[in-house]
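Scroll down for the structure; my scribbles are underneath it.
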Amino acid sequence: MKNLSFAFLLLLFCYNAVAQTAGAINIIPQPVKTIQKTGNFSLPAHIVIEAPQTIEMQQTLQFLSQKLTTTTGATIEIKDKAPQATIKLVVNTVANKEIGNEGYQLSVNPSTIVISANTAAGLFYGAQSLIQLCPAAIEGTVLVKNVSWMAPCAEITDYPRFEWRGLMFDVSRHFFTKAEVKDFIDLMARYKFNILHWHLTDDEGWRIEIKSFPKLTQVGAWNVKKEGYFGTFTAPKPDAPRNYGGFYTQEDIKEVVAYAKARFVNIVPEVDVPGHSLAAIASYPELSCTPGAEKYKVRSGEEIMDWSHGAPPIALVDNTLCPANEKVYDFLDKVMTEVAALFPFDYIHVGGDECPKNFWEKSEAIKDLMQKQGLKNMQEVQSYFEKRLETIVESKGKKFLGWDEILEGGLAPNAAVMSWRGEKGGIEASNLHHDVIMTPSPYTYVDFMQSDRVTEPHVYATLRLNKAYQFEPVPKGADAKYIKGGQANLWTEQIYNTRHLQYMLWPRAFATSESVWSQKENKNWNSFITRVEAQF
Ligand code: ACM
């Protein structure tokens, strides 16, 4: 009997120990202030949520309903007013200045939870943190038995460090469907990213329907399916079927923009010019400075640029738009008109990176342009192009954003700069009082290998999680006032499907999310790595 009582007590002790440890707080990105209190909130079999039922709140309420019922078997009721509510979502009547436009406060008590914020976005982020407090099983898609559905009692105050918290998704090198893009948005929003930089055009595919130029997607969206290490493929035979790829119709784009908006994600479309433009040139060869329409084919992974001499690369086939051709500016004007009408966010990204100059050097039209405009070198030719493009973009009511090469030869007057070749471009642009988004490749290129090279599909560089975690968006020497935030970039030359995409993105984008959301002094690798394991 004594032994039995002892065994019972031991069991009880173990149960309590489990119950207590069940409630470790593992939120990513790390909130500004977290006070864990004793005890746990236990999810009842019937949950009542009190919340304003506005359009902006729809996604948050749907998200909470789905997460709190699917695996738990609980039922849910959502009301405008419910004094006995289990969970209350409250928009502050008097703004709480500390938490700003995207912050929230989350108070978890044994039988009630309150999330308060100044805005619907703040409540959305509070809901994300709440679900991260729950057992991992809550992420399932079917009923799960034998789980204590509890969350640790806590008081959390949280708000972002930066307004620009981005992920770039390259859908040109490999096409990803509308549904896959929506999945990408769902996942990024879970970690409080708010910008999807959508890389829509490149040498390998033009992915956005432009009604004034139908060949951009009739021709430009399709290449020849090849497998293996992209960039080393043999050129396809002339008659090989060009049926690999795809594009988004304007209706698709509107649907994705609305989907993102409901999750408080803004989309920055990128039309990458004047380099990286082979898909556009294969569709409309007259946009190049170099005659020979028959030469131009959307790239299928064959070598088209020689990097052995460093940057800028030497193009083996002219993949650049011609800055000396007025038709190019007419083209860009029409493209930007349609792009601006589809994307409500302030910025259009115009690329500007890795533009080869060797075909421009040979062009008589470029020589004439240089003489007329007093341009001394090819950097100034690109700068002339960028300034004209800035005028076009601004005429559509949008802000002009480009990769840091747009600094070379003189920055356009109002350009914002995305610093990717390390931090130098961002430091320089911020000191010139231009807005900057930091995305230095040594810390934020999540297409690089992340593990030992023998275990990874080969890519030319490596970025370990620890290094990704060291990303500091305000580098030494920068004017912090102009650093709007940062982002990680997912180029997809070597990424052929969504499962591989997820493998590359996570957990390194957790590190980015913490660099752009959390306070610098709250970052701690040991704490982060424990939380990453919990997120797995
Ligand atoms: C880039 O990685 N070429 C911006």
Side-chain angles (χ1 to χ4, degrees), residues 164 166-174 195-207 230-231 268-280 299 301 303-315 319-321 347-357 379 382 385-386 389 400-409 411 415-429 434 436-450 459-463 467-468 471 473 485-495 501 504-505 508-509 512:
W164 188 294
L167 289 179
M168 190 219 69
F169 186 10
D170 167 11
V171 293
S172 175
R173 273 49 183 277
H174 283 103
I195 301 275
L196 169 64
H197 167 178
W198 206 2
H199 185 79
L200 286 164
T201 76
D202 215 303
D203 298 311
E204 295 77 7
W206 184 285
R207 306 296 181 205
F230 189 94
V268 179
E270 182 183 353
V271 174
D272 196 353
V273 290
H276 288 282
S277 291
L278 192 54
R299 184 184 184 211
E303 195 181 12
I304 62 163
M305 290 198 270
D306 171 7
W307 283 96
S308 61
H309 307 274
I314 295 177
N319 67 340
T320 63
L321 302 186
Y347 285 89
I348 295 180
H349 196 306
V350 297
D353 58 322
E354 300 179 322
C355 178
K357 310 288 193 307
Q379 278 72 27
Q382 181 167 348
F385 170 89
E386 303 294 353
L389 184 50
F400 178 91
L401 167 64
W403 298 110
D404 59 46
E405 285 92 332
I406 64 171
L407 278 155
E408 293 166 3
L411 193 54
V417 172
M418 201 168 254
S419 185
W420 74 279
R421 294 177 301 174
E423 296 169 333
K424 193 170 150 286
I427 295 168
E428 186 183 334
H434 285 250
V436 169
I437 291 97
M438 293 302 295
T439 181
S441 60
Y443 300 97
T444 68
Y445 269 39
V446 289
D447 58 316
F448 292 176
M449 295 181 290
Q450 54 188 315
V459 183
Y460 64 94
T462 295
L463 169 61
K467 179 91 178 190
F471 173 40
Q487 66 180 45
N489 296 334
L490 187 69
W491 302 102
T492 60
E493 285 97 328
Q494 311 298 345
I495 299 177
L501 175 157
M504 299 307 276
L505 199 52
R508 288 178 294 183
T512 313

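Just so it is clear, the model here is predicted, and its values are computed rather than measured. We count ligands from 1, going down the list as the structure has it; atoms in each ligand are counted the same way.
- Listed here is the closest heavy atom pair of R508 and V446: NH2-O, 2.8 Å.
- Heavy-atom proximity to Y445, at under 4.0 Å, picks out these atoms of ligand 1: 1 (C), 2 (O), 4 (C).
- Within ligand 1, counting atoms from 1 as listed, the ones closer than 4.0 Å to a heavy atom of W420 are 1 (C), 2 (O), 3 (N), 4 (C).
- Each of V171, L167, L501 was evaluated against L490; a single residue qualifies, L501, per the side chain to side chain contact (heavy atoms under 4.5 Å, CB included) test.
- Proximity of a side-chain donor or acceptor of H276 to a complementary backbone N or O of L278 within less than 3.5 Å is not detected.
- Looking at ligand 1, you'll find an N or O of E354 within less than 3.5 Å of one of its N or O atoms.
- For ligand 1, the atoms closer than 4.0 angstrom to any heavy atom of W491 are 1 (C), 2 (O), 4 (C).
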**Request:** Decide yes or no on ring pair (Phe, Tyr, Trp, His ring centres under 6.0 Å) for H349 and W198, but give the supporting numbers first.
**Result:** CA-CA 9 Å; H349 196 306; W198 206 2; over 10 Å; no
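- Not less than 6.0 angstrom separates the ring centroid of Y347 from the ring centroid of F400.
- Nearest protein neighbour of atom 3 (N) of ligand 1, counting heavy atoms only, is D353 OD2, 2.7 Å.
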